[in-house]
Amino acid sequence: MSPVSTLKIDDDLGRTLLFGRAPRRIVSLVPSDTYSVIALGAGDRLVGRTTYCEHGEGVATVGGTKDADPAKILALEPDLVIANQEENVRRTLEALAGKAPVLVSLPRTVEQGIAHLARLARILETGPQGNAVVARGYQLVAKRAELARVFVPIWLDPLMTLNADTFGSDVLARAGLANAFSDRLRLYPLAADLGKGDAIEATGRDVRYPRLTLDELRARDRVSKIDAIVLPDEPYAFSAADEAALQAALPDARVVRTPGKDLFWYGAWTIDAMPRVIALAESIRAHEVS
């Protein structure tokens with residue numbers, strides 16, 4: 001009898017997961033990963049998802065991305081739980097540790113997102129369908145020359161944006177859109193981030209999502225003109241009044257809205273999203289030169 005081969009896969013936390021066979025019962029705690037599993041042809045193996053997952057109709061839910069219930073997850077007897085270091089909370093992942101295989105990702109570039117997709121295809125042994133999806137991902141166009149400079153708010157009260165060390169910023173860069181706050185680190189506490197107090201050491205904390213004031217936004221525009229405000233529809237739903245306030249701060253910038261998924265969903269979604277983001281960049285550029 002030939003020995004059973006074991007697949008060794010490292011996740012983005014540097015942990016090694018061992019698989020003696022392709023997982024048959026999958027719980028996804030990340031909406032974009034739920035989409036990727038289905039796109040790879042393994043949707044019939046999903047037994048659990050979050051309430052925020054828009055795909056996988058009929059699959060049991062285990063809570064939200066931030067409050068997923070470990071007991072509900074384990075009750076589904078998964079042989080793979082797909083998680084994300086940024087989307088999911090540590091206490092959930094720690095509660096699952098040693099009780100179910102948990103693959104944790106944290107892609108910060110488009111390339112890393114496609115590599116994660118390829119990793120899933122390998123673990124799930126999705127065959128020709130999965131291979132074809134991954135191949136399309138590797139054929140995505142290279143980073144384009146800069147067409148315009150944009151500000152992308154992701155939250156309000158406090159006003160928040162993202163810097164270059166984020167997946168969304170890399171999507172923008174690949175499309176030819178320069179992130180106006182690519183170099184801005186998040187400071188702690190909030191008063192320091194808003195320029196109203198002294199900063200403390202940020203060791204171990206996420207510094208990729210700075211909080212801003214409208215005054216800082218105006219100052220950044222004076223130093224280097226911001227061509228457009230790109231408003232995603234998630235994770236925050238900006239109202240018409242929110243848009244007007246941002247427009248007042250940057251009266252010469254064009255306001256454009258875009259699906260947040262196109263900027264923030266890594267993996268299979270990115271493959272079809274990139275042409276849309278490129279078209280967005282070209283429309284901003286055309287407006288600037290007209």
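Heavy-atom basis, side chains included; hydrogens, waters and symmetry copies ignored. Sequence positions, counted from 1, serve as the residue numbers for this chain.
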With a 4.5 Å limit on heavy-atom distance, are the side chains of Arg211 and Arg186 in contact?
-> yes
Could you verify whether a donor N or O on one side chain and an acceptor N or O on the other, from Asp12 and Ser105, lie under 3.5 Å apart?
-> no
Spatial distance of atom CD1 (Ile229) from atom CZ (Phe238) [nearest 0.5 Å] | 10.0 Å
Hey, any chance Ile226 and Leu159 share a hydrophobic cluster, counting ILVMFWY side chains that come within less than 4.5 Å of each other, even indirectly?
-> yes
Derivation and outcome, side chain to side chain contact (heavy atoms under 4.5 Å, CB included), residues Val171 and Met274 = CA-CA 7 Å; Val171 169; Met274 279 308 309; 3.8 Å; yes
Identify the two heavy atoms, one from Thr92 and one from Ala68, that lie closest to each other, and give their separation to 0.1 Å.
-> OG1-O, 3.6 Å
Does Phe181 have its ring centroid less than 6.0 Å away from the ring centroid of Phe151?
-> yes
Over all heavy atoms of both residues, which pair between Thr126 and Ala42 is shortest? Give the atoms and the distance, please.
-> CG2-CB, 4.2 Å
For Leu214 and Leu246, run side chain to side chain contact (heavy atoms under 4.5 Å, CB included): C-alpha distance rounded to whole Å, both residues' side-chain angles, the deciding distance at 0.1 Å, then the answer.
-> CA-CA 8 Å; Leu214 291 178; Leu246 293 169; 4.1 Å; yes
Single-linkage hydrophobic cluster, 4.5 Å side-chain cutoff, Tyr236 and Val150 together = yes
Give a yes or no answer on whether the side chain of Asn179 reaches the backbone of Ala173 with a donor-acceptor pair at less than 3.5 Å.
-> no
Apply side chain to side chain contact (heavy atoms under 4.5 Å, CB included) to the pair Asp272 and Arg136, showing each step before the final yes or no.
-> CA-CA 9 Å; Asp272 291 325; Arg136 286 185 60 214; 2.7 Å; yes
Taking all non-hydrogen atoms of both residues into account, name the closest pair between Ile114 and Gly267 and its distance.
-> CD1-O, 4.0 Å
Given side chains that start at C-beta, do those of Pro235 and Phe264 come closer than 4.5 Å, heavy atoms only?
-> yes
Between the side chain of Arg49 and the main-chain N/O of Thr61, is any donor-acceptor distance below 3.5 Å?
-> no
Ignoring hydrogens and angles, tell me if any N or O in the side chain of Arg149 forms a donor-acceptor pair with the backbone of Ser224 under 3.5 Å.
-> yes
Taking NZ, NE, NH1 and NH2 as the nitrogens, is one of them in Arg285 or Asp227 under 4.0 Å from a carboxylate oxygen of the other?
-> no
When hydrophobic residues are tied together by side-chain contacts of less than 4.5 Å, even through go-betweens, does Tyr35 share a cluster with Val81?
-> no
Considering all heavy atoms, the nearest Thr65-Leu29 contact | CG2-O, 3.6 Å
Without hydrogens or angle criteria, can the side chains of Ser239 and Asp242 be said to hold a donor-acceptor pair below 3.5 Å?
-> yes
Is the number of heavy atoms from other residues, nucleotides or ligands under 6.0 Å of Lys99 NZ greater than 12?
-> no
Determine, stepwise, if the pair Arg184 / Asp193 fulfils salt bridge (charged side-chain N to carboxylate O under 4.0 Å, His left out).
-> CA-CA 10 Å; Arg184 174 69 153 82; Asp193 222 17; 2.8 Å; yes
Above 12 or not: heavy atoms from other molecules or residues under 6.0 Å from CG of Asp157?
-> no
Would you say Leu187 and Leu212 are hydrophobically clustered, going by side-chain heavy atoms of ILVMFWY under 4.5 Å?
-> no
Interatomic spacing from OG1 in Thr6 to CZ in Arg21 - rounded to 0.5 Å | 12.5 Å
Give a yes or no on whether the backbone of Ala228 and the side-chain of Arg254 come within a donor-acceptor separation of less than 3.5 Å.
-> no
Decide yes or no for Leu120 and Leu40: does some side-chain heavy atom of the first lie under 4.5 Å from some side-chain heavy atom of the second?
-> yes
Separation of Asn163 CG from Leu185 CG (nearest 0.5 Å) | 6.0 Å
Any donor-acceptor pair under 3.5 Å linking the side chain of Ser36 with the backbone of Ala268?
-> yes
Check: Leu106 and Phe167 side chains under 4.5 Å, non-hydrogen atoms = no
Do other residues, nucleotides or ligands put more than 12 heavy atoms under 6.0 Å from Tyr52 OH?
-> no
Would you confirm whether Thr34, through its side chain, and Val30, through its main-chain N or O, come within 3.5 Å as a donor-acceptor pair?
-> yes
Between the main-chain N or O of Ala273 and the side-chain N or O of Thr270, is there a donor-acceptor pair closer than 3.5 Å?
-> no
State whether Arg218 and Asp221 are salt-bridged, where the test is any N-O pair (Lys NZ or Arg NE/NH1/NH2 against Asp/Glu carboxylate O) under 4.0 Å.
-> no
Does some side-chain heavy atom of Pro78 sit less than 4.5 Å from a side-chain heavy atom of Ile73?
-> yes
Quick one: do Asp33 and Ser28 satisfy side chain to side chain donor-acceptor pair (under 3.5 Å)? Show the steps, please.
-> CA-CA 6 Å; Asp33 279 319; Ser28 172; 5.3 Å; no
Measuring from Asn84:CG to Glu86:CD, what's the distance to the nearest 0.5 Å?
-> 6.0 Å
same_hphob_cluster(Val62, Ile82) at 4.5 Å side-chain heavy-atom cutoff | no
Gln129 side chain to Ala39 backbone, donor-acceptor under 3.5 Å | yes
Where do Arg24 and Asp44 land on the salt bridge (charged side-chain N to carboxylate O under 4.0 Å, His left out) test, with the steps shown first?
-> CA-CA 9 Å; Arg24 291 290 179 255; Asp44 60 334; over 6 Å; no
On the 0 to 90° scale, with breaks at 30° and 60°, tag the His55-Trp265 ring pair as parallel, tilted or perpendicular.
-> perpendicular
CZ (Arg108) and OG1 (Thr166) are apart, to the nearest 0.5 Å, by 9.0 Å
Candidate pair Arg119 and Asp10, rule salt bridge (charged side-chain N to carboxylate O under 4.0 Å, His left out), full reasoning = CA-CA 9 Å; Arg119 178 171 58 188; Asp10 291 339; over 6 Å; no
Using a 4.5 Å cut-off on heavy atoms from C-beta on, say whether the side chain of Asn88 contacts that of Lys66.
-> no
Within a strict 4.5 Å, meaning less than it, do heavy atoms of the Pro153 and Thr161 side chains meet?
-> no
Shortest non-hydrogen contact between Leu263 and Pro232, atoms and distance | CD1-CB, 4.3 Å
In terms of heavy-atom contacts, does CZ of Arg45 have more than 12 from other residues, nucleotides or ligands at under 6.0 Å?
-> yes
Quick one: CD on Glu234 to CD1 on Ile154, what's the gap to the nearest 0.5 Å?
-> 11.5 Å
For the side chain of Asp262 and the backbone of Val277, is there at least one donor-acceptor N/O pair under 3.5 Å apart?
-> no
Does atom CD of Glu77 have more than 12 heavy-atom neighbours, drawn from other residues, nucleotides or ligands, at distances under 6.0 Å?
-> no
Is any NZ, NE, NH1 or NH2 atom of the basic residue among Asp67 and Arg91 found under 4.0 Å from an Asp or Glu carboxylate oxygen of the other?
-> no
Does the pair Lys261 and Asp233 meet the rule for a salt bridge (charged side-chain N to carboxylate O under 4.0 Å, His left out), with working shown?
-> CA-CA 8 Å; Lys261 297 181 187 65; Asp233 60 7; 5.5 Å; no
Do the non-hydrogen side-chain atoms of Leu172 and Val152 ever get within less than 4.5 Å of each other?
-> yes
Please step through side chain to side chain contact (heavy atoms under 4.5 Å, CB included) for the pair Leu103 and Ile9, ending with a clear verdict.
-> CA-CA 9 Å; Leu103 180 76; Ile9 293 288; 4.2 Å; yes
